[in-house]
Amino acid sequence: QVQLVESGGGLVQAGGSLRLSCVVSGRTFSSYAMGWFRQAPGKEREFVAAINRSGGGTYYADSVKGRFYISRDNAKNTVYLQMNSLKPEDTAVYYCAGSSVSSARTMAGSPYPQDVDAWGQGTQVTVSS
């Protein structure tokens with residue numbers, strides 16, 4: 001059974017940076033397309049970024065393009081989300097998700113992607129103005 005554990009969230013001032021990590025255990029990490037999603041209080045979950053199995057293809061929500069960068073280290077079973085130029089509207093709980101069936105492109109197409117094997121527990125990111 002695959003498990004995902006996020007870390008790296010916290011409180012940061014607007015304009016600052018954070019790097020989130022998601023460690024995957026239980027299955028072969030390189031067989032998973034990975035994605036990051038977020039949910040702010042009172043709002044629907046939204047897609048943030050996704051990366052394909054080799055790391056050669058990435059997808060981003062328009063709201064984070066040019067500020068956030070997703071990457072993966074298959075040797076460390078970890079996917080990262082580097083978040084720069086943070087804004088108060090980036091405040092949310094951030095979740096990572098992995099799929100052994102869907103492509104990263106498919107994961108990027110919905111805030112509730114099908115065929116997700118597992119979700120992490122979430123990590124809080126708070127951006128103060």
Side-chain angles (χ1 to χ4, degrees):
Q1 184 175 356
V2 63
Q3 293 184 322
L4 284 63
V5 179
E6 302 101 333
S7 62
L11 173 64
V12 64
Q13 288 188 333
S17 298
L18 283 175
R19 188 176 79 156
L20 305 184
S21 299
C22 173
V23 178
V24 179
S25 61
R27 293 288 176 87
T28 304
F29 178 64
S30 60
S31 67
Y32 287 89
M34 299 297 299
W36 286 96
F37 298 77
R38 67 186 182 186
Q39 188 164 17
K43 294 188 177 181
E44 293 289 319
R45 182 190 302 169
E46 62 175 343
F47 164 75
V48 177
I51 188 167
N52 69 7
R53 290 165 177 78
S54 67
T58 56
Y59 303 85
Y60 296 94
D62 288 343
S63 59
V64 307
K65 203 170 291 183
R67 299 188 298 122
F68 289 14
Y69 299 94
I70 188 170
S71 62
R72 66 189 294 159
D73 186 337
N74 285 352
K76 295 183 178 180
N77 291 358
T78 303
V79 61
Y80 303 98
L81 185 67
Q82 177 67 44
M83 306 186 295
N84 302 324
S85 302
L86 282 161
K87 305 175 180 179
E89 51 263 43
D90 294 319
T91 295
V93 178
Y94 284 70
Y95 301 89
C96 65
S99 176
S100 60
V101 177
S102 295
S103 66
R105 185 172 186 172
T106 298
M107 294 182 75
S110 170
Y112 298 95
Q114 296 181 349
D115 298 322
V116 169
D117 293 61
W119 293 84
Q121 83 287 354
T123 186
Q124 176 70 48
V125 172
T126 303
V127 184
S128 63
S129 58

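The figures here come from the full heavy-atom set of this structure, side chains too, leaving out hydrogens, waters and symmetry mates. This chain uses plain numbering: 1 for the first residue, then up along the sequence.
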Inset, instruction - Please identify each residue that fulfils side chain to side chain contact (heavy atoms under 4.5 Å, CB included) with Val12, with sequence neighbours left out. - result: Leu18, Leu86, Val127
Legend entry - By side chain to side chain contact (heavy atoms under 4.5 Å, CB included) - contacts of Asn77 (at least two apart): Phe29
Inset, instruction - Would you list the pairs meeting side-chain hydrogen bond (donor to acceptor under 3.5 Å, both in side chains) in which at least one residue belongs to residues 79-88, sequence neighbours left out? - result: Ser17-Asn84, Gln82-Asn84
Inset, instruction - Would you list the pairs meeting disulfide (SG to SG under 2.5 Å) in which at least one residue belongs to residues 29-74, sequence neighbours left out? - result: none
Inset, instruction - Could you list all the side-chain hydrogen bond (donor to acceptor under 3.5 Å, both in side chains) pairs where at least one residue sits in residues 107-118, not counting sequence neighbours? - result: Glu44-Tyr112, Ser100-Asp117
Legend entry - Those residues that, when tested against Glu89, pass side-chain hydrogen bond (donor to acceptor under 3.5 Å, both in side chains) (two or more places apart): none
Inset, instruction - Would you list the pairs meeting side-chain hydrogen bond (donor to acceptor under 3.5 Å, both in side chains) in which at least one residue belongs to residues 19-30, sequence neighbours left out? - result: none
Inset, instruction - Start with the C-alpha distance between Val64 and Arg38, add both sets of side-chain angles, then the distance that settles side chain to side chain contact (heavy atoms under 4.5 Å, CB included), and finish with yes or no. - result: CA-CA 12 Å; Val64 307; Arg38 67 186 182 186; 4.0 Å; yes
Legend entry - Pairing residues for Gln124 by the side-chain hydrogen bond (donor to acceptor under 3.5 Å, both in side chains) criterion, not counting sequence neighbours: Thr126
Legend entry - All side-chain hydrogen bond (donor to acceptor under 3.5 Å, both in side chains) counterparts of Thr106, not counting sequence neighbours: Ser103
Inset, instruction - Could you list the residues that satisfy side chain to side chain contact (heavy atoms under 4.5 Å, CB included) with Ser54, not counting sequence neighbours? - result: Asn52
Inset, instruction - For side chain to side chain contact (heavy atoms under 4.5 Å, CB included), just list the numbers for Leu20 and Glu6, CA-CA rounded to whole Å, side-chain angles, deciding distance to a tenth of an Å, and then say yes or no. - result: CA-CA 7 Å; Leu20 305 184; Glu6 302 101 333; over 6 Å; no
Legend entry - Residues clustering with Val116 (ILVMFWY side chains joined when closer than 4.5 Å, directly or via others): Phe37, Phe47, Tyr59, Val93, Tyr95, Met107, Trp119
Inset, instruction - Check whether more than 12 heavy atoms from other residues, nucleotides or ligands sit under 6.0 Å from atom CD of Gln121, and answer yes or no. - result: yes
Inset, instruction - Name all pairs fulfilling the salt bridge (Lys or Arg N to Asp or Glu O under 4.0 Å) condition that reach into residues 72-85, sequence neighbours left out, sorted by first residue then second. - result: none
